[in-house]
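Below, each value reflects all heavy atoms present in this structure, side chains not excepted, and no hydrogens, waters or symmetry copies. Residues: numbered from 1 along the sequence shown.
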Amino acid sequence: MSRLTILALALAACNTSSNNGGADGGGSGSNTHPDAAPASSGYALMAQNFGLAYSVGLTVGGQQFQVITDTGSTSLGIASSTCSSCGVAPEYTPGSTAVDQHSTSTSQYGDSSMWTGENYADKVALTGDPDAVTMRFGAMTSQNGFFQQGESDQGILGFGGSGLAVDGTDAYTDKRTPGQFAFQLCPDDGTLWLGEADTSHESAAPQFAPMDTSEPYLMLDVTSASVGSASIGLSGAAVMDTGTSIMVLSTTVANKFVSAVNAAGFSTIFGQAVAASTTDLNCYDPGTHTRAQIDAALPPLMVTLPKSGGGSFTVMASASETYMMPIEGMYCFGVATVSGIPVTIMGDAFLRGFVTTFDLQNQQIGLASQVGCSLPNEAIPPDHVTHRPYRLGHPPAATAR
């Protein structure tokens, strides 16, 4: 068994800023655009660190970057040329289209990783998107634990709403106003769509659940969940978060999850028991067992949700598409509990089973079983990655604004 510490980039926390009276440069402008991407187009995602995070190409002020995509936070942060501690390349250099806001912002995450930056306004677009917007963001001047070994990104782009934005920065979805956007996350890559997802990536039409707007996250309310026929007691608000690698559950729910997997015969495939952890992602060598054999032996995950317009629906995905995450030939148990995290997070370990549509216009989230993902081909060395901190946080409601 290999132990990889979990990457969880989600849920921005502790947002602060200082303002010295600079020009807005686009902070309150009306850069609005209609849905950009037709159903057949999309933006390629790059799997970072064996599929523990996903990045997309971003153009800022005419400069090209890779940035983590995170539906659990909002602000854009890019390593700048003045950041001596960032250690990444390329870095953002303000050019002729940049407007210094003469203010600084700090974004701190739940694992105590953080970045501080000078706020700029500049033209921003997903690489290949003809509709650039002018928005405010943090040009990182320092960071602590944010950039990690094994990743090739230079920043982070949040897809949350303005309620999670660091002071002095804008929400990309407010500026670009896509109406809806969708993600497909695969072990080695993925796709982001602005607008409707390409239906060839879905086995059936998505079913939609209303958003829970009680907190400033992209959440829905889980009615119930089971692993095979065993109920795990999961219910209530859950954040649909592309920026968290795993499912973060309460201790009670996680323990029931583990018991159900063990009772189903986990040891017949992997030769040892699953252990949920607060700090480590436990990974197992399947030996000669194929993906089909793993899914035949281990029960699927089923989640029941309220349906927009009334009633309910249940989504189901196999073990290898959800809680047993294929990572370079290993299978990692994608469930953990994290002290101090007050909400359920359905991160990548859940979202990998679906094309997930965030319909902002109608305040609903859609799930459709995904098709087309392929498994990684190469096995990782036992201790290839030894340190993956959490980046989980809390809503900024208690922060003075």
Side-chain angles (χ1 to χ4, degrees), residues 1-8 10 50-52 110-111 187 222-241 244-287 289 291 293-305 314-327 329-354 382 385 388-390 392:
M1 179 183 71
S2 173
R3 297 177 65 84
L4 307 182
T5 309
I6 303 164
L7 167 69
F50 310 110
L52 294 178
D111 64 343
V222 175
T223 302
S224 63
S226 64
V227 177
S229 60
S231 173
I232 58 173
L234 176 62
S235 64
V239 182
M240 301 291 108
D241 183 22
T244 295
S245 304
I246 48 137
M247 288 179 276
V248 179
L249 308 176
S250 71
T251 300
T252 299
V253 173
N255 288 342
K256 289 182 178 180
F257 204 127
V258 171
S259 295
V261 173
N262 284 334
F266 180 87
S267 61
T268 64
I269 297 292
F270 297 103
Q272 52 193 304
V274 171
S277 172
T278 59
T279 58
D280 294 318
L281 183 60
N282 296 326
C283 298
Y284 306 89
D285 187 345
H289 292 100
R291 180 181 185 181
Q293 290 172 325
I294 292 170
D295 287 336
L298 299 181
L301 173 62
M302 294 180 285
V303 178
T304 299
L305 302 163
T314 299
V315 295
M316 179 176 69
S318 65
S320 68
E321 288 182 315
T322 52
Y323 61 89
M324 294 306 302
M325 302 172 65
I327 298 181
M330 305 287 279
Y331 284 81
C332 304
F333 189 59
V335 173
T337 61
V338 181
S339 176
I341 303 302
V343 293
T344 294
I345 303 173
M346 304 301 279
D348 299 343
F350 174 75
L351 298 176
R352 278 185 176 190
F354 308 95
V385 181
R388 303 300 319 160
Y390 289 98
L392 301 173

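- Atoms CG and NE2, from D295 and H289 in turn, are 12.5 Å apart once rounded to the nearest 0.5 Å.
- Using a 4.5 Å heavy-atom cutoff, the side chains of Y331 and R291 are in contact.
- Between V315 and M302 the shortest side-chain heavy-atom distance does not fall below 4.5 Å.
- From L249, atom CG reaches atom CE of M346 across 6.5 Å, with rounding to the nearest 0.5 Å.
- The backbone N or O of L52 sits less than 3.5 Å from a side-chain atom of S245, completing a donor-acceptor pair.
- Here the closest heavy-atom approach between residue M330 and residue D285 is recorded as CE-N, 3.8 Å.
- When side chains are defined from C-beta on, M240 counts as touching F350, because their heavy atoms get closer than 4.5 Å.
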What side-chain donor-acceptor pairs closer than 3.5 Å can you find for residues 222-238, not counting sequence neighbours?
| unit_1 | atom_1 | unit_2 | atom_2 | d |
| --- | --- | --- | --- | --- |
| S226 | OG | G228 | O | 3.1 |
| S231 | OG | G233 | N | 3.4 |

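- Between the CZ atom of F257 and the CG atom of N262 there is a distance of 11.5 Å, given to the nearest 0.5 Å.
- Taken to the nearest 0.5 Å, the CD1 atom of I294 stands 7.0 Å off from the OG atom of S320.
- In this structure the side chain of F354 never reaches within 4.5 angstrom of the side chain of V303, judged on heavy atoms.
- Side-chain atoms of R352 and P326, non-hydrogen and from C-beta on, do get closer than 4.5 Å to each other.
- Side-chain atoms of Y323 and P299, non-hydrogen and from C-beta on, do get closer than 4.5 Å to each other.
- Expressed to the nearest 0.5 Å, how far CD of Q272 lies from OH of Y284 amounts to 6.0 Å.
- Between A254 and T337 the shortest heavy-atom distance is CB-CG2, 3.5 Å.
- How far CZ of F270 is from CG of L298: 6.0 Å, rounded to the nearest 0.5 Å.
- The shortest non-hydrogen separation linking G334 to I246 is O-CB, 3.6 Å.
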